[in-house]
S.K.: 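Can you read through this structure? Questions will come right after.
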There are 2 protein chains.
Amino acid sequence: MNKPRIKTMEDLSLAIGVSRPTLSRFFQDPSLVKAKTVAKIEKGLEQVEYVPNFFATRLNRKSTRMIGVIIPYLNDLFFTELLEAVEVAAMDAGLTVITQCSHSDPAIEARAAETFMSMNVDGAIVAPLGDHSDQMVYQRLKSRMPFVLMDSRPKTMPDVDYVGTNHAQSTGLITEYLSRVGGPPVFLAMPRVNFNAVERENGYIAKMNELGLVPEVIGAEFVNENWHFEDHGEAVLAAEFARGRFTDRSILCANDRVAIGALRAASRHGLAPGQLKKGGLRIAGHDDYLLCPYLNPPLTTVAQDTASIGRKAVLRMLQLIRGEVIDDTPEITLFDGNLVVRNSA
Amino acid sequence: MNKPRIKTMEDLSLAIGVSRPTLSRFFQDPSLVKAKTVAKIEKGLEQVEYVPNFFATRLNRKSTRMIGVIIPYLNDLFFTELLEAVEVAAMDAGLTVITQCSHSDPAIEARAAETFMSMNVDGAIVAPLGDHSDQMVYQRLKSRMPFVLMDSRPKTMPDVDYVGTNHAQSTGLITEYLSRVGGPPVFLAMPRVNFNAVERENGYIAKMNELGLVPEVIGAEFVNENWHFEDHGEAVLAAEFARGRFTDRSILCANDRVAIGALRAASRHGLAPGQLKKGGLRIAGHDDYLLCPYLNPPLTTVAQDTASIGRKAVLRMLQLIRGEVIDDTPEITLFDGNLVVRNSA
DNA sequence: TCCCTTTTTTGACACACGTAAACTTTGCAG
DNA sequence: CTGCAAAGTTTACGTGTGTCAAAAAAGGGA
């Protein structure tokens, strides 16, 4: 059971009786080698323990068949969904994914980019940290390799391929729904950690104007830009409820995690969102966080098409890697959100 | 702003006017080079764009300063917490973490292990998939590099270092609490995706016996071993409630995600767990999932010390890498759980 | 059997850097 | 000025594989 361990391809070629270049071709693509020789090699491989050295392999290749992915935050089911979609698509394309997490720290994000450059990855897919990101790092990354932004796009980088959600559409969609089933919705903003925050707010305002309603935004004055969305949502709404405000209104939260906090505030104030008999309070979110169906009440929201976003980001990356891109105008792909009506609104 | 790009250390040494070996030492540890020379090099680096090649760097080193981490599942906040703890600890130790996710597929898990071996990572920390994992892969991994199991431990691998939670203690703790505040708790088992499922069940039974109570387990007969914990919890409990059973009991769920499903079942049946005036139903979980405080009602649970587990796994790994381990008996480290009382029980 | 084509092998160089030994320069005290 | 240690340079070789051209071998048809 304990096979002899062979470290180098050289030694392996001696053990099997095939030349090293032939082995090299075999490991890259067995179809490049005659069937008979393939059989001989495979038989030999069963006798020993050998794994080609990853580094030596990539060192002298034009393409490393690896892509780097940066996400800002691990403990957020939205980003894990996105990452999963990317990983699956990349796996299908035969790419090795190197994942790095910024841990909401621009310095770590910059270091991750540095790592990608030193690894000569074929390209980088980045879900940016937001305002605090070091823009210079992105510029360097872009000048060195194919580069695709995902989920959120800094205004300072209009010339980069981008895949995300059409927030004007998605936010408009749920704004319209809330207006239809209840009174004019209020927008509970989220900490402005990235550019989506503003886009959603604008999407809400635009739709309200279109409907001839007066937009109303709360929670935007909280300036502590962190990722504690739930606490933010609860704090803002608890303060409002304490003053007797918004207890019978439709409240559109900038994302589901804010909405989770909002639901908690409602619960603590004895309010039951979504049930008209207990007053007109409605709470809705945005993203369709994995746990939304299991909240109490289940959260009405707009689903982001994470599967499509992740897949598209990888496909675009492949095009860039293969040089199949003719014009150099950036490709902006926005996927529509889908309304998911549950009990909370 | 666009600095000239230098690819090799050789070229860089020419550009700066310092020998290549000196540069090599500088990049490994600037303190190995005289301050004056350091200044000269750093000044030179500002003029050009150069990043040492990751592969070439690692190729000829005895230690790659990289560790591999495998987690079974991305869309689970428990594992992301664990991963975060590992990444932070590894970063502090100056290690580069290569993360791979099994996506609940043994074949992918095996491939990830293969990647680690070909990368010559210094060691591997694995949160195993469970019963379905290919045990041979673990054996090969262990025979090739320092190997630490985390979170869950296959019974077939008793000779491996392991860091996890003391489930007998943690489950016992909450079993005791539930017995004290209410009637004898029922155990709602989880799909047996890994070995923790059994350990927790046993922990519950042991504590019940100790208390002179009769253990009662439900939900164990569901054999579809997947990761849809919420659906499982809801389905089991909904079926029981429909038969009028357990509506006034304390229900200890095998983990928080099962409990989330249980809460939903309760809500759908008009039950309000944790509030005595509405009957004696209590629901508790295990893990202290990040969202527990925001559930409705907030979930009473036992917190796993993910921060300590992750850190300890890395520290043990460092010991193994440095060869500081004298005896070859495996080190088993179990952290206690902490009771977190909220409103649901 | 001979010739031609397809495979395979051989040898050599490239990749970008680590590492060690021998040698040279530098800095400083006496 | 001499002696000496620390720092830096040169030189050479090692790391495991990719890649290419040329040579050799194998295979197939007449």
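Naming convention: chains lettered A, B, ... in sequence-line order (proteins, then strands); numbering from 1 in each chain.
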S.K.: Please tabulate, for the side chains in residues 91-100 of chain A, all donor-acceptor contacts under 3.5 angstrom to protein atoms that are two or more places apart in sequence or on a different chain.
M.R.:
from, atom 1, to, atom 2, distance (Å)
A:Thr99, OG1, A:Glu87, OE2, 3.4

S.K.: Tell me, do B:Pro128 and B:Ser152 make a side-chain contact under 4.5 Å, heavy atoms counted?
M.R.: yes
S.K.: Got a sec, which residues hit ring-ring contact (aromatic ring centres under 6.0 Å, His included) with A:Phe195, two or more places apart in sequence or on another chain?
M.R.: none
S.K.: Expressed in angstrom and rounded to an integer, what is the separation of B:Asn120 atom CG from D:dG16 atom C1'?
M.R.: 10 Å
S.K.: Find every protein N or O atom lying less than 3.5 Å from an N or O atom of nucleotides 22-27 of chain D, and list the pairs.
M.R.:
from, atom 1, to, atom 2, distance (Å)
D:dG27, OP1, A:Lys36, NZ, 3.4

S.K.: Can you check the B:Lys40 NZ to D:dA7 C1' distance for me, whole Å?
M.R.: 13 Å
S.K.: Please report whether the ring centroid of B:Phe27 lies less than 6.0 Å from that of B:Tyr50.
M.R.: yes
S.K.: Would you say that A:Val314 contacts A:Val148 through its side chain, given a criterion of any heavy-atom pair below 4.5 Å between the two side chains?
M.R.: no
S.K.: Classify the nucleic acid contact of B:Tyr50 as base, sugar-phosphate or nothing, counting any heavy atom under 4.0 Å across all strands shown.
M.R.: sugar-phosphate
S.K.: Listed in order of residue number, which residues of residues 51-60 of chain A have a non-hydrogen atom at under 4.0 Å from DNA chain D?
M.R.: A:Pro52, A:Asn53, A:Ala56, A:Thr57, A:Leu59, A:Asn60
S.K.: Is a donor-acceptor pair below 3.5 Å formed from side chain A:Arg20 to base C:dG11, judging by atom type as modelled?
M.R.: no
S.K.: Counting only heavy atoms and a strict 4.0 angstrom limit, can you tell me which residues of residues 6-14 of chain A come near DNA chain C?
M.R.: none
S.K.: Just the rounded figure in Å: distance from C1' of C:dA16 to CE of A:Met117.
M.R.: 18 Å
S.K.: Would you say the side chains of B:Thr22 and B:Ser19 form a donor-acceptor pair under 3.5 Å?
M.R.: yes
S.K.: Would you say the side-chain atoms of B:Glu114 and B:Ser118 include a donor-acceptor pair closer than 3.5 Å?
M.R.: no
S.K.: For a quick test of reading the model, state the closest non-hydrogen atom pair linking B:Gly310 to B:Leu82 and the distance between them.
M.R.: N-CD1, 4.2 Å
S.K.: For residues A:Asn120 and A:Thr64, is any side-chain donor paired with an opposing acceptor at under 3.5 Å?
M.R.: no
S.K.: Between A:Glu84 and B:Tyr73, is the side chain to side chain donor-acceptor pair (under 3.5 Å) condition met? List the steps.
M.R.: CA-CA 9 Å; A:Glu84 180 152 327; B:Tyr73 206 63; 6.0 Å; no
S.K.: In whole angstrom, give the distance that lies between atom CG of B:Leu23 and atom C1' of D:dT10.
M.R.: 14 Å
S.K.: Measure from NZ or CZ of B:Arg58 to the centre of the six-membered ring of B:Phe54, then state whether that distance is under 6.0 Å and the direction lies within 45° of the axis.
M.R.: yes
S.K.: Does B:Ser24 put a side-chain nitrogen or oxygen below 4.0 Å from OP1 or OP2 of C:dG18?
M.R.: yes
S.K.: Considering only NZ, NE, NH1 and NH2 on the basic side and carboxylate oxygens on the acidic side, decide whether A:Glu331 and A:Lys312 come within less than 4.0 Å.
M.R.: yes
S.K.: When you measure from the centre of the six-membered ring of B:Tyr162, is the NZ or CZ of B:Arg153 closer than 6.0 Å and no more than 45° off the axis?
M.R.: yes
S.K.: Are there any protein N/O atoms within less than 3.5 Å of an N/O atom in nucleotides 21-25 of chain C, and if so, which ones and at what distance?
M.R.:
none

S.K.: How many Å lie between CZ on B:Arg61 and P on D:dT15, as a whole number?
M.R.: 16 Å
